[in-house]
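Here is the structure we will look at, set down as structure tokens.
The sequence lines fix the lettering, A, B, ..., with proteins before strands; numbering per chain opens at 1.
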Protein chains: 2
Amino acid sequence: MKDQQDDGCENVHAAIQDTLYVVNGKWKLVILSILVNGGTRRFGELSRESGISPRILTKELQELEINQLVKRQVCNTKPVTVEYSSTPYAETLKEVIDAMIRWGRNHKRKIRGQ
Amino acid sequence: MKDQQDDGCENVHAAIQDTLYVVNGKWKLVILSILVNGGTRRFGELSRESGISPRILTKELQELEINQLVKRQVCNTKPVTVEYSSTPYAETLKEVIDAMIRWGRNHKRKIRGQ
DNA sequence: GTAACCAGTTACATAAATGTAAGTAGTTAC
DNA sequence: GTAACTACTTACATTTATGTAACTGGTTAC
């Protein structure tokens, strides 16, 4: 009777900040949207597709891996390639990702219309 | 036939980044969740409730106001008070906010269980 | 052995976000 | 006139995020 319906305050703040802590910054949700909605990518593909420089991309992917949202797999190809894919847990973020995609599209439409 | 279903790439990135541009940072979604789910607050109330210092809170509220997500109203009380409330447009962010609240709660449960 | 491709890494620089502490200005109560 | 309350504002310091450019180490093709 305090954890379940204390929506007046702290519970909500903490929940939002817990989420932000995991998907903070300019890039994490972009990366996740590619992997969740588009499937597996290699390092170079992700970098070119998203426009994220290697340095940042490495860091972001590591952080996502730590939080079990991304899986890294080294492939035994001639020049070694590395495949990144979203985990089942990352799929639980789809709701957030898709809501943001919808809102962003609608917002751009709104701005243009003004 | 390019704007409607080009979900493979850029459209999605842009949409997410457009949203992030408006609700970036540690605090904007926290503030919005208070106002959207909890109703009107005064400046001091918001500061105490959220733990945001006056300097930051002023800046965040101004940015939210510029994006028409928050309405500022000066009240003719003895010590002048200022009321902040969410706009109808902010309500369209409820989907995003609530998805993040749900995910954050679930995530904390998951982390504790490990 | 030289060039090219992969997946990073390193060093460096800058920009943006956030925080702390103290001060301002107007009003009211004592 | 002093203290207290409101809503900020200012100056300053620090932390965090992001970017750029060049370099490493391994493999393959010529």
> Atom CG of B:L20 to atom P of C:dA16: distance rounded to whole Å?
Replying inline: 16 Å
>> Using salt bridge (charged side-chain N to carboxylate O under 4.0 Å, His left out), reason through B:E95 and A:R102 one step at a time and then give a plain yes or no.
In response: CA-CA 10 Å; B:E95 210 184 343; A:R102 277 193 297 274; 2.4 Å; yes
> Within 45° of the axis and under 6.0 Å from the centre of the six-membered ring of B:Y89, does NZ or CZ of A:K110 qualify?
Replying inline: yes
> Should B:K26 be listed as having a side-chain N or O under 4.0 Å from OP1 or OP2 of C:dG19?
Replying inline: yes
> Which nucleotide sits closest to the side chain of B:S53: C:dT20, C:dG8, D:dT9?
Replying inline: C:dT20
>> Given D:dG19, C:dG8, D:dT9, identify the nucleotide with an atom nearest to the side chain of A:I56.
In response: D:dG19
> Expressed in angstrom and rounded to an integer, what is the separation of B:Y21 atom OH from C:dA17 atom P?
Replying inline: 9 Å
>> From NZ of A:K59 over to P of C:dT10, roughly how many Å is that when rounded to an integer?
In response: 15 Å
> Roughly, in whole Å, what's the span from CZ in A:R48 to C1' in C:dC5?
Replying inline: 10 Å
> Separation of A:L61 atom CG from C:dT9 atom C1', in whole Å?
Replying inline: 14 Å
> To the nearest Å, how far apart are B:K78 NZ and C:dA29 C1'?
Replying inline: 12 Å
>> So, OP1 or OP2 of C:dG8: does either fall under 4.0 Å of a side-chain N or O from A:Y84?
In response: yes
> So which nucleotide from C:dA7, D:dA17, C:dT20 ends up closest to the side chain of A:N24?
Replying inline: D:dA17
> OP1 or OP2 of C:dG8 sitting under 4.0 Å from any side-chain N/O of A:R72?
Replying inline: yes
>> Need to verify one output field. Residue with the more 5' nearest nucleotide on DNA chain D, A:W27 or B:T58?
In response: B:T58
> How long is the line joining CD of B:Q73 and C1' of D:dT6, in whole Å?
Replying inline: 16 Å
> Checking salt bridge (charged side-chain N to carboxylate O under 4.0 Å, His left out) for the pair B:R41/B:E83: CA distance, chi angles, key distance, verdict?
Replying inline: CA-CA 6 Å; B:R41 297 290 145 92; B:E83 280 183 358; over 6 Å; no
> Taking atom types as modelled and ignoring hydrogens, do the side chains of A:N24 and B:K26 form a donor-acceptor contact shorter than 3.5 angstrom?
Replying inline: no
> In terms of side-chain heavy atoms of B:R55, which of C:dT18, C:dG8, D:dC8 is nearest?
Replying inline: C:dT18
> For C:dA7, does either OP1 or OP2 sit under 4.0 Å from a side-chain N or O belonging to A:R42?
Replying inline: yes
> Want to settle it: does B:K28 or A:P54 sit nearer the 5' end of DNA chain C, counting the closest nucleotide to each?
Replying inline: A:P54
>> Rounded to whole Å, please give me the gap between CG in A:L57 and C1' in D:dT20.
In response: 15 Å
> So what does A:T81 touch, heavy atoms closer than 4.0 Å: a base, only the sugar-phosphate, or nothing?
Replying inline: sugar-phosphate
> Any side-chain donor paired with an acceptor under 3.5 Å for A:W103 and B:T92?
Replying inline: yes
